[in-house]
Amino acid sequence: MPSTQAPHPLFSLKKNIIFYAVMLCMTLLSILFIDRHLADFIHQHQVANSFTKLLSNIPALLETLAAIALLCCLVPKLRSKLSALVIHLLFTLLLATVIRFGAKALFGRTWPETWVDNNPSWINDRIEAFHPFAEGVAYNSFPSGHALFTFALASTFWFHLPRYRLFWAACMLGVFIGQLSQNYHYLGDLLAGASLGVICTQLAFTVAQKCHR
């Protein structure tokens, strides 16, 4: 049964100032000193395989679980048990979607590799830069939407179903491994996406609690 206890400190915005400060510093350090070198290393060693490709799509698994929870609410006996989880998930997904598109448009970072319509990239063109409000998918690398949705949904499930915390933690780690090994994103993109995902969960929890009163 989903937990109805008071939020753990990890889910409190006020108690996570240090966490966000550390994540911000790590993101900046990664952008300045790590991202380009790591992208080169991954490209040169070709570490991607079918398993890491699967890991890179972890958000689809969590979104499927969210859809299943929503459908279960159609059953009266399950509705009371899952209503708090589903409300939290819906607010989380809404916030994550808005923040994802807004942040990508705001920062406009180029990708590590070329994927669509000869987009400029670090590997092909030695181009890595931020172009605020630039239009097109060529400037959608930062932050990672996959990391954002994974951390947002996994954190929500973690709060309501803490007995499966190892699985939720594995999803968080897995999306980093999958996205990095495929060279889909820079490490800085993933760190930023993870941070925003946790923020989505915390904001959604606050909103859901107020609506549930």
Side-chain angles (χ1 to χ4, degrees), residues 10-11 13 16-39 42 52 55-63 66 89 91-116 119-123 127-158 168-169 171-205:
L10 287 175
F11 295 89
L13 280 171
N16 278 280
I17 300 301
I18 295 178
F19 167 76
Y20 289 116
V22 170
M23 290 297 286
L24 175 60
C25 290
M26 289 175 61
T27 301
L28 291 174
L29 287 172
S30 184
I31 291 170
L32 293 172
F33 303 111
I34 299 174
D35 285 355
R36 294 173 294 278
H37 301 296
L38 184 58
I42 292 169
T52 58
L55 289 178
S56 71
N57 291 312
I58 281 177
L61 169 63
L62 295 174
E63 289 164 2
L89 284 170
F91 279 116
T92 298
L93 284 168
L94 178 61
L95 282 170
T97 300
V98 172
I99 290 176
R100 174 188 180 183
F101 286 106
K104 284 181 178 291
L106 174 63
F107 291 101
R109 192 184 195 185
T110 52
W111 300 88
E113 297 214 32
T114 298
W115 307 111
V116 181
N119 62 276
S121 70
W122 176 248
I123 297 301
I127 293 174
E128 182 278 317
F130 289 85
H131 302 274
F133 303 108
E135 295 183 4
V137 295
Y139 306 97
N140 281 352
S141 183
F142 185 95
S144 164
H146 281 69
L148 196 160
F149 272 80
T150 296
F151 274 72
L153 291 173
S155 296
T156 301
F157 280 118
W158 189 328
W168 311 129
C171 288
M172 294 173 174
L173 177 61
V175 77
F176 265 70
I177 295 173
Q179 290 286 311
L180 281 176
S181 64
Q182 300 291 137
N183 228 5
Y184 286 157
H185 277 287
Y186 295 108
L187 177 60
D189 301 343
L190 293 162
L191 290 169
S195 303
L196 290 172
V198 177
I199 288 176
C200 286
T201 299
Q202 294 172 336
L203 291 175
F205 179 84

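Everything numeric in this text was worked out from a predicted model, so none of it was measured.
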request  = Verify, without hydrogens or angle tests, whether S30 (side chain) and G188 (backbone) share a donor-acceptor contact under 3.5 angstrom.
outcome  = yes
inquiry  = Can you give me the closest heavy-atom contact between L148 and C200, atom names plus distance?
reply    = CD2-SG, 4.1 Å
inquiry  = Looking at every non-hydrogen atom in both residues, tell me the closest pair between E113 and S121 and how far apart they are.
reply    = C-CB, 3.3 Å
ask   = CH2/W111 to OG/S141 distance, rounded to the nearest 0.5 angstrom?
value = 5.0 Å
Flag side-chain contact, heavy atom, 4.5 Å: F157 against L89 = yes
query = To the nearest 0.5 Å, how far apart are OG1 in T114 and CG in N183?
reply = 11.0 Å
ask   = Sub-3.5 Å donor-acceptor pair from the side chain of R100 to the main-chain atoms of H146, do we have one?
value = no
key: Y186 six-ring centre to R109 NZ/CZ under 6.0 Å and within 45° of normal   = yes
note = Heavy atoms of P120 and Y139 approach each other most closely as CG-OH, 4.4 Å
query = What pair of heavy atoms forms the shortest contact from I123 to A39, and how long is it?
reply = CD1-O, 3.7 Å
ask   = So how far is it from N57 CG to Q182 CD, rounded to the nearest 0.5 Å?
value = 8.5 Å
key: Min side-chain heavy-atom separation L38-L180 under 4.5 Å   = yes
request  = Using a 4.5 Å cut-off on heavy atoms from C-beta on, say whether the side chain of D35 contacts that of E128.
outcome  = no
task = May I ask you to decide if G178's main-chain N or O and S181's side chain share a donor-acceptor pair within less than 3.5 Å?
result = yes
ask   = Once you round to the nearest 0.5 Å, how far does CG of L61 lie from SG of C171?
value = 5.5 Å
request  = Only one of L62, T97, V175 passes side chain to side chain contact (heavy atoms under 4.5 Å, CB included) with F149; say which it is.
outcome  = T97
ask   = Taking side chain as C-beta onward, heavy atoms only, is T110 less than 4.5 Å from N119?
value = no
note = Correct closest heavy-atom pair for W122 and R36 would be NE1-O, 3.3 Å
request  = Apply side chain to side chain contact (heavy atoms under 4.5 Å, CB included) to the pair F151 and F176, showing each step before the final yes or no.
outcome  = CA-CA 10 Å; F151 274 72; F176 265 70; 3.5 Å; yes
key: Smallest separation among heavy atoms of A192 and P143, with atom names   = CB-CB, 3.9 Å
query = Q179 side chain to S56 main-chain N or O, any donor-acceptor pair under 3.5 Å?
reply = yes
query = Does the side chain to side chain contact (heavy atoms under 4.5 Å, CB included) test come out yes or no for V198 and Y20, once each step is laid out?
reply = CA-CA 10 Å; V198 177; Y20 289 116; 3.4 Å; yes
ask   = Can you find a heavy atom in the side chain of F142 that is under 4.5 Å from one in the side chain of I31?
value = yes
ask   = Within a strict 4.5 Å, meaning less than it, do heavy atoms of the V137 and W115 side chains meet?
value = no
ask   = Distance from T201 atom OG1 to L95 atom CG, nearest 0.5 Å?
value = 9.0 Å
remark   = Between the CG atom in L191 and the OG1 atom in T27, the distance rounded to the nearest 0.5 Å is 4.5 Å
query = Do M172 and W158 come within less than 4.5 Å of each other through their side chains, counting heavy atoms only?
reply = yes
